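Only one structure is covered here, and it is reproduced in the block below.
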Amino acid sequence: MTFVQRLGAAAGHIERRLTELLAECGPEKGERLGAAMRHALLDGGKRFRPFLVIESGGLFGLEAPAVLDAAAAFECVHCYSLVHDDLPSMDDDDTRRGRPTVHRAFDEWTAILAGDALLTLAFEIVARPQTHADPAVRTELARILAHAAGGRGMVLGQMLDLEAEKRGEPQQLTAEHVRRLQGLKTGALIAACCEAGAVLAHASDEERAALKRYGEGLGLAFQIADDLLDAEGDAAVMGKAAGKDSAAGKATLVSLIGIVEARARLTEAVGRAARELNRFGARATPLIEAAQFTASRGY
Ligand code: GRG
């Protein structure tokens, strides 16, 4: 199976499970809130974060059914962040995943509430015994998910990003600052997905730390690739408008260090991420390919 087929197969599993979980735990059928949540969550996206949970669990011999609910919870948080990021008061986007954003398809207050409900749904899923038989594992999953998503993770990264942009000072940022905010905004959740596989498998502290470091390198690569796509890519690949960051005068690593240096850092981040997986041998091939796939998006 090629990497793309493997990613597609995982996406199929996760799509089915997300549909079931929404039916089990989401709003009753016919509710407008449920329709907005489905619009945000289903039928789109690469499902890259759940793939990382599935494959990091796979390193320790866990099969998809044992990790699917945890993987779904991470995707719920990711989708909530996209819904809120697209809002007029944030990034103000009209399309996402090739479709109207939730506030365009519904309205702004419905989009805010659908995002809130997706975020809280994630923690309901994590807390359910179906997610893992061991309550200590469920608690630890909730902790790493909350930490990665919250005020020391993704929300802080978004805050730093918007603060600079709304004040009209993005060009005063240093490459180091941009790297930090991107690490928080995008990298923290990606790294937590990789760590989650180790948590689900009761892996050793060393294995868990190596997976987290791999995820941090991967997250950096993911963000640089996204910046390169925004600078040079086309809207069809991104599923949203391209060139938006530069048009908004937003500081990205590409705007600060240039395309050539950004490509060099991308290659370096992928290599560093892959080296963290040496200890896992051939079983790590899908995760190494995931890093390479991330770097090659859109090219
Ligand atoms: C609103 C708290 C809050 C946070 C928003 C993730 C995020 C933080 C904003 C998204 C902005 C953005 C486009 C960042 C670039 C990297 C990124 C997260 C791209 C979207 O992820 P993909 O490519 O999307 O995995 P799919 O649709 O495949 O799931």
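Since we're looking at a predicted model, the values are computed, not measured. In each ligand, atom 1 is the first atom listed, and ligand 1 is the first ligand listed.
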Those atoms of ligand 1 less than 4.0 Å from some heavy atom in [X]:
X	result
Y80	2 (C)
K46	22 (P), 23 (O), 24 (O), 25 (O), 26 (P), 28 (O)
R97	26 (P), 27 (O), 29 (O)
D85	1 (C), 5 (C), 9 (C), 10 (C), 11 (C)
H84	1 (C)

### Message
Parallel, tilted or perpendicular: which one describes the rings of F51 and F48, with boundaries at 30° and 60°?
### Response
parallel

### Query
Mind checking whether F3 and F293 have parallel, tilted or perpendicular rings, split at 30° and 60°?
tilted

### Message
Around atom CZ of R152, are there more than 12 heavy atoms from other residues, nucleotides or ligands closer than 6.0 Å?
### Response
no

### Query
Do R143 and F123 meet the cation-pi criteria used here (NZ or CZ under 6.0 Å from the six-membered ring centre, within 45° of the axis)?
no

### Query
Where on F51 is there a heavy atom closer than 4.0 Å to ligand 1, on the side chain, on the backbone, on both, or on neither?
neither

Of the listed options [options], closest to [atom] (non-hydrogen atoms):
atom	options	result
atom 1 (C) of ligand 1	G219, S81, A225	S81
atom 21 (O) of ligand 1	M159, R47, K185, R49	R49
atom 3 (C) of ligand 1	E75, M90, Q158	Q158

### Query
Can you name the nearest heavy-atom pair linking Y214 to A291, along with the distance?
OH-N, 4.2 Å

### Message
The test is side-chain contact (heavy atoms from CB on, under 4.5 Å); show your working for H13 and R16 and say whether it passes.
### Response
CA-CA 5 Å; H13 291 310; R16 276 187 292 281; 3.4 Å; yes

### Query
Only one of L228, D227, L266, D226 forms a side chain to side chain contact (heavy atoms under 4.5 Å, CB included) with L253, so which one is it?
D227

### Q223, any N or O under 3.5 Å of ligand 1 N or O
no

